[in-house]
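Every heavy atom of this structure was used, including side-chain atoms; hydrogens, water molecules and symmetry mates were not. Lettering of chains follows the sequences in order, A, B, ..., and the numbering in each one begins at 1.
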There are 2 protein chains.
Amino acid sequence: MTTKRQLHLNAFLMSVGHHEAAWRLPETDPYADLDVEHFKNLARTAERGKLDSVFLADGPVLWNQVGRRPAGVLEPTVVLTALAGATERIGLIATASTTYNEPYNLARRFASLDIVSGGRAGWNIVTTAGLDAARNFNLDHLPAHKERYERAAEFVDVSLKLWDSWADDAVLADKENGVWGDSDKIYPPEHEGRFYRVAGALNVPRSAQGHPVLVQAGSSENGRNFAARYAEAVFTAHQTLADAQEFYDDLKRRAAEHGRDPDHVKILPGIVPVIGSTEAEAREKEAVLNGLIRPEYALPQLADLLGVAPEELRLDEQLPANLPEEDELEGHKSRRTLLVKLGRRENLTVREIIARFGGGRGHLTFAGTPVQVADAIQEWFEAGAADGFNIMPPVLPSGLTEFVDLVVPILQERGLFRTEYTGRTLREHYGLPRPANRRASTPIPV
Amino acid sequence: MTTKRQLHLNAFLMSVGHHEAAWRLPETDPYADLDVEHFKNLARTAERGKLDSVFLADGPVLWNQVGRRPAGVLEPTVVLTALAGATERIGLIATASTTYNEPYNLARRFASLDIVSGGRAGWNIVTTAGLDAARNFNLDHLPAHKERYERAAEFVDVSLKLWDSWADDAVLADKENGVWGDSDKIYPPEHEGRFYRVAGALNVPRSAQGHPVLVQAGSSENGRNFAARYAEAVFTAHQTLADAQEFYDDLKRRAAEHGRDPDHVKILPGIVPVIGSTEAEAREKEAVLNGLIRPEYALPQLADLLGVAPEELRLDEQLPANLPEEDELEGHKSRRTLLVKLGRRENLTVREIIARFGGGRGHLTFAGTPVQVADAIQEWFEAGAADGFNIMPPVLPSGLTEFVDLVVPILQERGLFRTEYTGRTLREHYGLPRPANRRASTPIPV
C-alpha cells in the first residue's frame, strides 16, 4: 500500500462566519452565535466531510464593538463538549489563554474534554493580547509579549506534568483486595517555577491520546520559538505562497533544532474560501459581503492594530508612510506585519484593506470555483507551504456546507484527502504518535 | 386549583455511588467514574423521575487515597454540558470554587452552560477547604476560613455584575442598518474591590433564567451568613430531625433578615437511601457495603477532619474526650461538629463512625423499604426541616434507579412530588423567580 502524503483540514468555526458582515445576509440567523444547535450542525457537516477537526478561537473579553457583528462567544470547552456528544470522530480544538487561567484548572478541563470525547481534544495555546482582557483579570496593564510567552512555556510544562501524573496503568480496580488505584503510579508534579507552584497530581487520568494535541497560532519571533518547542499543529496566516513557504521552512527547521521530528508539527495556514459555481459568481459573493461592511466599525480596530491614532488613517488613501515597527507592539505582531506588507504590495487603500481584513482578519481570502479552491489548496500543499489548511468559511453554515460538498470530493478524488476516518483520536487524524508518559517512564525494577 | 407545597429532589451523582465501597460490589463498573455515558444514563434516569436537578461535587485536587475508591473526577461543567445534550428538562448543578477561579472565567463558563442547556444551570458555590488544593494554586497555606468567605462574597458580587452586563434586550440584530447589538445596553462591571478588579462586560448575554441558580453547601457560621445573603438552594447535612429543624429555621430567618423571601431559599438536606424490599434486606445491603470498607483508608481522613493525629484514634474505642473545637479548624467545620455529636450521642466506636461516614460522609443514611424512605422524606418535609432532599444513592446506577422507580411514585401518589415538569428552567423547577437585571433597570425615558 502506497502512503501518499495527505492534507489535514480543520473547520474554523466562528459565529455565523468569518466575514464580519456575514450576519447581515438574508440567509443568516443573527442569533446563531449563541445557539449550540448551530454549532452541532456545523460539526456534523465537518464530520461528514471527514475533516480532521473543528476549531474555536477565544478571548476572555467582549470583542469589538457589539454593533459590528455577533458578539456572544460561548466558552469553547463548553461548546466542544456539546459537539463531542453530537459527533463520533472529528477532533475538537479549543483556544484558551495561558495568561488568564490556572494550569491545574485548565489542564484538568482539557483532560476532561479529552476523555469525554474519546481522545479528540486539542488545545490552541494563546497568550491573549489586549489591555481589555487584562483589565478583566485584576490588571491595569497588559503583561509584555515576551513575559506572556515565558509564562506560557511554564504553563505548558506544568500541564504536561499534570497530564502525566497518572501512569497509564495506575488504575487497578482490584475489588478483591479493595485497591482501586496504585498510589505508587501517581506522580505529583511538585512543580516550583518562576510563575507557578503546583504540587499535586491531577484528578483525571491520561486519555486515549495521552494528552490533548498542542496547537499554537502566533507567528511572531516569540511565537515561532514557542511553536517549535511545543506545538503539534500550527495555525498561521499568510497572503502569499512565498511568505507561507518561508514560514513553513523556518518552523520545521526550528522544530528540528529542538530535537523534534518536523513531521510532528503540522502547519496549517488559514484560508477563507468564497465558493461560486463560476469565478464571477464567487467574486460577486465576495463583493456583496464587502459591501455590507461598515468601515466606521473597522477603522478604529485597524488603527489599534497598527499602533496609530484613528485620525491618521483615511479611508480612500493608502497607509501612512511612517508606522510603528512590529518590535514596538505588544501583541498581534505578525498580523500587523502581514497587513502592512499587503497594503504596500498591492497599493491598497485603507477601505480596501478593511475589506480584506473584514473577510478573514489577515488570512488568505480566495474566491473561485470548487476546482479553483482545490487547486489553490493543492498548490500550497505541494509547494512546501502547508501540511493542510484551517478552513474559515466566510458565512456559516452555507460556506462550510459548500466546502464539504463541493471542494472536499475533488481533493478526495485527487487522493489528497481521506475518504474515511482511519483513526478515532485527533492524534490519529493528524498522524501524530501517542506521547509516552514522561513521568512514569522509570524502568520497573526486576 | 389547590397548590400543595411540593418537594424538591436533586440527584447528587458521585462516581459509582456515595458509599466509599460501592465500587467493590460485583455489580459495579469500577471505571465508570470516567465514563460520560454512565453519567448520561444517570441523568436520564433522574429526568425520568422528574427530579429537579442532578448535582456534582468538586474540588481541584486528587481526592483521598487513590487506593480507596475511584479517584477520577471529570471537571463538572464539562460533564454537565454533556448531560445537557442527553436530557431535556432536568437542572444541572456544578460545584466550583471561588478560591481557585477567576470571576470572569467562571461566570462565563456557567453562563455558557446555562445558555447551552436552555436555562438549566446552577452553581454550587464553595470556598474549598484543604491545604492540598491550595498547593495546586501557587499557595503554601490554606487561606483562612473567614477570608475565603469574604472572597467568595466579592466573587459572587462580581459574577452577578457580569451576568447582568447585557440588558435582556441588548441584541438588536438590525441587518438593515448594520447594528447587531446596542452598545448603550451593555453595562461593564468596572468593579474595583478588595480581591477583584474586573472592568469589562461578559461576552455572553443573559440566559433564559437570567443567571444560574446560586447554590451553597456550607453550614458553618460563615457559611450560613453567606447562604442567607446569596443562596437560592442550600445543600446541608443533618443526622437528626431536631438538628435539621434548627438549621431550617435559622437559615430562613437569616434570609428574611437580609430582606429576602425565605421561600426563595430552598433547603435540601442530603439523604443516602439504602432501599430494600424489606427493612431487613435494606439493612443487609448496608451491612454488605460497610463490610467492604477498609478502615485503614478512612482513619487518617477522620483524624484530619477532627484535627488530631491518626494515632489518637483507636478503631474499637470511642472518640477521645478532648478534641479541637470547630473554631480552631479552617474547613469542614460543620461536618466535624456533626460527626462528633453523632459519635457522642450514639456512643459509636471509631470503626462505627467510619462506617457511617463511609456511607454518606455525614449525611443521613436511611435503610428501609420504599415506603419507609418516602415516610422519612415526608416527615422531614412536613416537620419544617426541609424543602426537599439531595438524594445521594449509595451505589450507582442501581441506587438511583431504585429511588426513581420505587420511591418517587409513592411521593407522587401522595401529591408531594410533580408527575410532570411544568417548567423548562431550573428556576422554574425550584419555583424561583427570574431575577431582573440589576444593572439595566434604569427606566426607559418617555
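Only the backbone of B:E176 comes within contact range of chain A, with heavy atoms under 4.5 Å apart. Using a 4.5 Å cut-off between heavy atoms, B:L202 touches chain A through its backbone atoms (N, CA, C, O) alone. With a 4.5 Å cut-off on non-hydrogen atoms, B:L292 does not touch chain A at all. With a 4.5 Å cut-off on non-hydrogen atoms, B:E190 touches chain A through its side chain but not through its backbone. Residue contact with chain A, scored on non-hydrogen atoms closer than 4.5 Å, involves the backbone of B:D174 exclusively. Using a 4.5 Å cut-off between heavy atoms, B:L162 does not touch chain A at all. Both the backbone and the side chain of B:A201 come within contact range of chain A, judged by heavy atoms closer than 4.5 Å. In this structure, chain A has heavy atoms under 4.5 Å from both the backbone and the side chain of B:N138. Only the side chain of B:Y297 has a heavy atom closer than 4.5 Å to any heavy atom of chain A. In this structure, chain A has heavy atoms under 4.5 Å from both the backbone and the side chain of B:V198. Of the two parts of A:L172, only the backbone, made up of N, CA, C and O, holds a non-hydrogen atom closer than 4.5 Å to a non-hydrogen atom of chain B. Only the backbone of B:P26 comes within contact range of chain A, with heavy atoms under 4.5 Å apart.
Annotation: maximal heavy-atom pairing with chain A below 4.5 Å, among B:D33, B:D132, B:D35, B:L139, occurs at B:D33. Annotation: maximal heavy-atom pairing with chain A below 4.5 Å, among B:L80, B:I293, B:L25, occurs at B:L25. Most heavy-atom pairs under 4.5 Å with chain A: of the set B:A134, B:P205, B:A86, B:G85, this distinction falls to B:P205. Options B:G178, B:P30, B:A173, B:P188 differ in how many heavy-atom pairs under 4.5 Å they form with chain A, and the most are formed by B:G178. Each of B:T77, B:I115, B:V61 has some count of heavy-atom pairs under 4.5 Å with chain A, and the biggest count is that of B:V61.
Taken from OG in B:S97 to CD in A:E102, the straight-line distance is 10.5 Å, to the nearest 0.5 Å. Note that CG of A:L62 and OG of B:S183 are 10.5 Å apart. Values are rounded to the nearest 0.5 Å. The distance from the OG1 atom of B:T28 to the NZ atom of A:K175 is 5.5 Å, given to the nearest 0.5 Å. One distance of note links OH of B:Y196 with CG of A:N136; it measures 14.0 Å at 0.5 Å rounding.
The number of heavy atoms from other shown groups lying within 6.0 Å of CD (A:E296) is above 12.
Remark: of the listed residues B:L34, B:V36, B:V73, B:L74, B:L74 is the sole one forming a side-chain contact (heavy atoms from CB on, under 4.5 Å) with A:S112.
When all heavy atoms are compared, the tightest approach of B:W23 to A:W180 is CH2-N, 3.4 Å. Here the shortest heavy-atom pairing between B:R294 and A:V179 reads NH1-CG2, 3.5 Å. Nearest heavy-atom pair across A:R24 and B:N177 is NH2-C, 3.9 Å. Of all heavy-atom pairs spanning A:T81 and B:A82, the tightest one is CG2-N, 3.7 Å. Residues B:G59 and A:N203 approach most closely at O-ND2, 3.0 Å, considering heavy atoms. Minimum interatomic distance between A:Y31 and B:V171 (heavy atoms only, all atoms of both residues): CE2-CG1, 3.5 Å.
You'll find the side chain of A:K185 stays beyond 4.5 Å of the side chain of B:V66, heavy atoms only. Side-chain contact between B:R109 and A:R109: present, with at least one pair of heavy atoms (C-beta onward) separated by less than 4.5 Å.
Ion pairing between A:D58 and B:R108 holds under the 4.0 Å rule for side-chain N and carboxylate O.
Without hydrogens or angle criteria, B:N105 side chain to A:Y100 main chain gives a donor-acceptor distance under 3.5 Å.
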